[in-house]
Amino acid sequence: MKLENMYQEIILDHYKRPHGKGLNEEFQAEVHHVNPTCGDEITLRVSGNEDGTISVSYDNQGCSISQASASIMFDQINNLNFEHGEGAVEHLVAMLQRAEDPNEDVLGDGIALVGVAQYPARVKCALLPWMAWKDAAIQAGMKKEK
Amino acid sequence: MKLENMYQEIILDHYKRPHGKGLNEEFQAEVHHVNPTCGDEITLRVSGNEDGTISVSYDNQGCSISQASASIMFDQINNLNFEHGEGAVEHLVAMLQRAEDPNEDVLGDGIALVGVAQYPARVKCALLPWMAWKDAAIQAGMKKEK
Amino acid sequence: MSTLDVAAIRADFPILKRTVRNDRRLVYLDSGATSQKPYQVLDAERDFYENHNAAVHRGAHLLAEEATDAFEHARANIASFIGANADDLVFTKNATEAINLVSYAFLNATLKSAHKKALPPGSERFILKVGDEILVTEMEHHANLVPWQELCDKTGAVLRWIGLTDEGRLDLSDETLFNERTRIVALTHQSNLLGTVNDIPAIVKSARAVDALILLDSCQSVPHMSVDVSTLGVDFLTWSGHKMLGPLGIGCLWGRADLLAAMPPFITGGSMIEVVSMAGTTFAAPPKRFEAGVPMAAQAVGLSAAVDYLRVLGMDKVAAHEHEMTKATIAGLQSIPGVRIIGPEDLVDRGSAVSFVIEGLHPHDVGQVLDESGVAVRVGQHCAKPVCTRYGIAAATRATYYIYNDLDDVEALIEGVHAAKKFFGV
Amino acid sequence: MSTLDVAAIRADFPILKRTVRNDRRLVYLDSGATSQKPYQVLDAERDFYENHNAAVHRGAHLLAEEATDAFEHARANIASFIGANADDLVFTKNATEAINLVSYAFLNATLKSAHKKALPPGSERFILKVGDEILVTEMEHHANLVPWQELCDKTGAVLRWIGLTDEGRLDLSDETLFNERTRIVALTHQSNLLGTVNDIPAIVKSARAVDALILLDSCQSVPHMSVDVSTLGVDFLTWSGHKMLGPLGIGCLWGRADLLAAMPPFITGGSMIEVVSMAGTTFAAPPKRFEAGVPMAAQAVGLSAAVDYLRVLGMDKVAAHEHEMTKATIAGLQSIPGVRIIGPEDLVDRGSAVSFVIEGLHPHDVGQVLDESGVAVRVGQHCAKPVCTRYGIAAATRATYYIYNDLDDVEALIEGVHAAKKFFGV
Ligand SMILES: Cc1ncc(COP(=O)(O)O)c(C=O)c1O
Ligand SMILES: Cc1ncc(COP(=O)(O)O)c(C=O)c1O
């Protein structure tokens, strides 16, 4: 069974005991992203910290992959600045859609999502929280024009 | 060549020297029928005579089959009553679409149209004037309710 | 088991010979989304292309004649399958377009009337006033819901809907839903998520009492049971070819002749016209009025072969066969702790779509484990999000059956559900 | 003769092996109506059905993944054929639907705005006021005329058109046709009756000067010449798969990304939504927003194979090959007394559709004699009645060429015309 490649122990752990789930009262931008075919949903809020980093909070429902991915995203991106956060998102996309080798420094437990790449229909589940973060951060004006 | 089956001498004669072409000034109903794929057109007028028969006149443009058929229609139907005229129309339909044996008493030169049945795309051409007559006669209220 | 020789049927479907993940045999339980195609259908379509291909209704040469003949024979054959006349059957690209065609007939009649433009005699039935009502149900597929929402948004008509009981049936207790403002009742024959088969005679009676039109979305009925418009009493029937062994890219609208004749066109262009000038255009009679452009003739020929295939099996036998599998599925699922069936659990007036959720497990994950063992089900909202909302679920796992399935497939499903629970430890 | 190996090409087209009336070889000169299909296309479509068939974008099982992959790869490949991004290519059932999709974007934006309903940002470009103008030409196929007439009938916008010169070209002398009321210019790249290839840079310049959108009907250009949207400068491109070796039942709309994003949907239903409730619905981004219902995935895969086939030949070679045949046809027809060519007789900016009439002979009769000798041409109004009216003819005979034709076919046509004259004694 290849199933264990996707559902690694570490993914199931995040799924069962998600990190950072629950919305902060205060926020600068809130987005609601959905995956209309399967019903995954996430509400995500961002607010800027004084040091230029971004704090994130979320609430969601969905499959194990999207929930674990949200938990991992929280670990990796919370309190990063936009540039670093965006780098992590890009890196996840590269790993899932272009089979690039993952970098544990950037993705943390996210490297365990590598097995998802074999199931194109699930890639969207894994990306959902990360894309929501990027959208929210841009809406909050945290992307600096160059 | 089967072509001669459709384009019998008698058809080509009607085509080159059509009978009754030209519209009467007086009429009770006028219809304009077209065959939109090929551009055949007919304008046809009917008016009732005192004896209950219907006089018909027409002007048209189109292929040899539709023009010859109009000329033959004029010969066969002009100054018939609705019932007899409709009978002739039905008989032509039966010959062209259901391969029924033609009756020269009813169709006159129209029996020479029998070869058209082999070319389904042309059946519409042959029927056009006859259908126009029927439509006009009905519009003029010449069909009696039973 | 049953009335169909499933082994013989399976031999006609090339895709069933392939294996899927882990070299498992394919257990295809997603025919509700689209069915597989037998050789007979694929061969008919290919024969059209290899021997008779031409643009239909647009030429006088031999190929054009043959193609036109094949296309119109297909129309007549498909029409006769639902007890209809060829002239009253319109080909569309799918059921979705067929439903939109009717909703846009209302829109276009309303607008043309407002702008004092020519309309066919009888079109008053399609002219809406602000406050007129469109009645749907809470169990509609998005294809039979969103077009009516859109129509209301653009005309000031009001969308109303028949709610659902906890058992997954229409709640017909509110009789005021049918009233003198109701212009059309659009509902599904069989719910693609719940499996419910609706009581059409009751709906027809209520709709007729207020002189409303009735559109029946038959996507999930025409492929699975005997449907005869000459006795159903509805005004429009819409369905897709691809769910009944036919090719992708073809759908059907049947309409009562007087209504089709009274409807303005939807998509306009070539082949649906009578006389065109730069200043204005007059339109052909139905069904051509609604078939602008070069049509999907090869697909019509394929669908006609599909109809022949089903006719030989017999639609009553098809329904009986599916009924057996439905019964076994419901019994099997009921025996598993934590499984909740969404939709009727009794077997009366119920088709073979069986949806369920498992306590503590997301359908996507259930589907993945099933897929790993070769069982293809659909997971998600099934284009029926309001049904999910009604039953308090985000999504569901759905098995749907067809003529090539049997009780072994049911067993594979039930085993897969056990495996999923085990894998995730719930 | 030329740049293409016609014998090798012909071997790929099964239908060219059949004989027609009187056991004649098939001389197919009706590709302008629909082209024939090579094995490669038929095989690709069949492979999809036999091995990967499922409803795309609707399932998580292996087949659904494979089908979705095949469908989206086809989209990307077809888009790249015209120099476009996959996301900007919408699949429709034919070109006619593609054009209607744009005309209905105007209608729906106008109505939703009037009813104060949600519209995508940027949709102002599609909201019409009474007196706004839609500009077409007198040489349009009905598919690019009637939808705009209908739009005007329903909104109070005004249809204007660019007339034609006696030579069969656009008469661009009236500059006031492009003015500040002009909202969209919809015209054909190549006339299906006249063969004229229009001067798109000139049109683009005039349209841009008044900030009008431009829709290019490319039904007769994409199959026959190299077309690249990244340099053309138009906003929308519409064409049909079946005229370029692809299956029936699929058409394409390419649109500029910002414009597609600003357009409200046309046909609504499943797969084009974001969130649905009984109270209202939000829509997906393009291209999905415009692809409601289960799409024609097998046909997309077939069309992708067609694009590959043409790419290997090279579109410049295809155009050069057709040019040779056009030249021979015009010369051949000019040498026959009583023959009048409808459309440009010079060979500059001219495609391979050659239409003509014969003094004293109706095209239907000409076509019949040609058919008897195996030559399949189209006769009639070619879905372009205003062009017939403009040139004072009731109908015309038309020959159109493609990659599987050669100079022998031209000769067969010319001989057939002589035979027709002889048969009818004119
Ligand atoms: C120039 C032109 N535009 C539009 C169309 C319509 O294409 P379809 O009928 O495939 O929608 C055609 C062909 O019929 C055409 O030649
Ligand atoms: C009940 C029902 N209605 C409508 C549809 C829409 O059919 P299609 O997507 O083929 O247009 C479907 C299937 O998707 C369905 O199951």
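A note on names: the letters A, B, ... follow the listed sequences, proteins ahead of strands, and every chain is numbered from 1.
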Okay, C:E65 and chain B: the region with an atom under 4.5 Å from a heavy atom over there is side chain
### Query
Any chance NE2 of C:H73 has more than 12 other-residue heavy atoms, nucleotides or ligands included, within less than 6.0 Å?
no
Pair count under 4.5 Å, heavy atoms only, with chain B: among C:H61, C:R58, C:E274, highest is C:E274
In terms of heavy-atom contacts, B:A121 and C:A60 come closest through CB-CA, 4.0 Å
More than 12 heavy atoms of other residues, nucleotides or ligands under 6.0 Å from NE2 of B:H84: yes or no? no
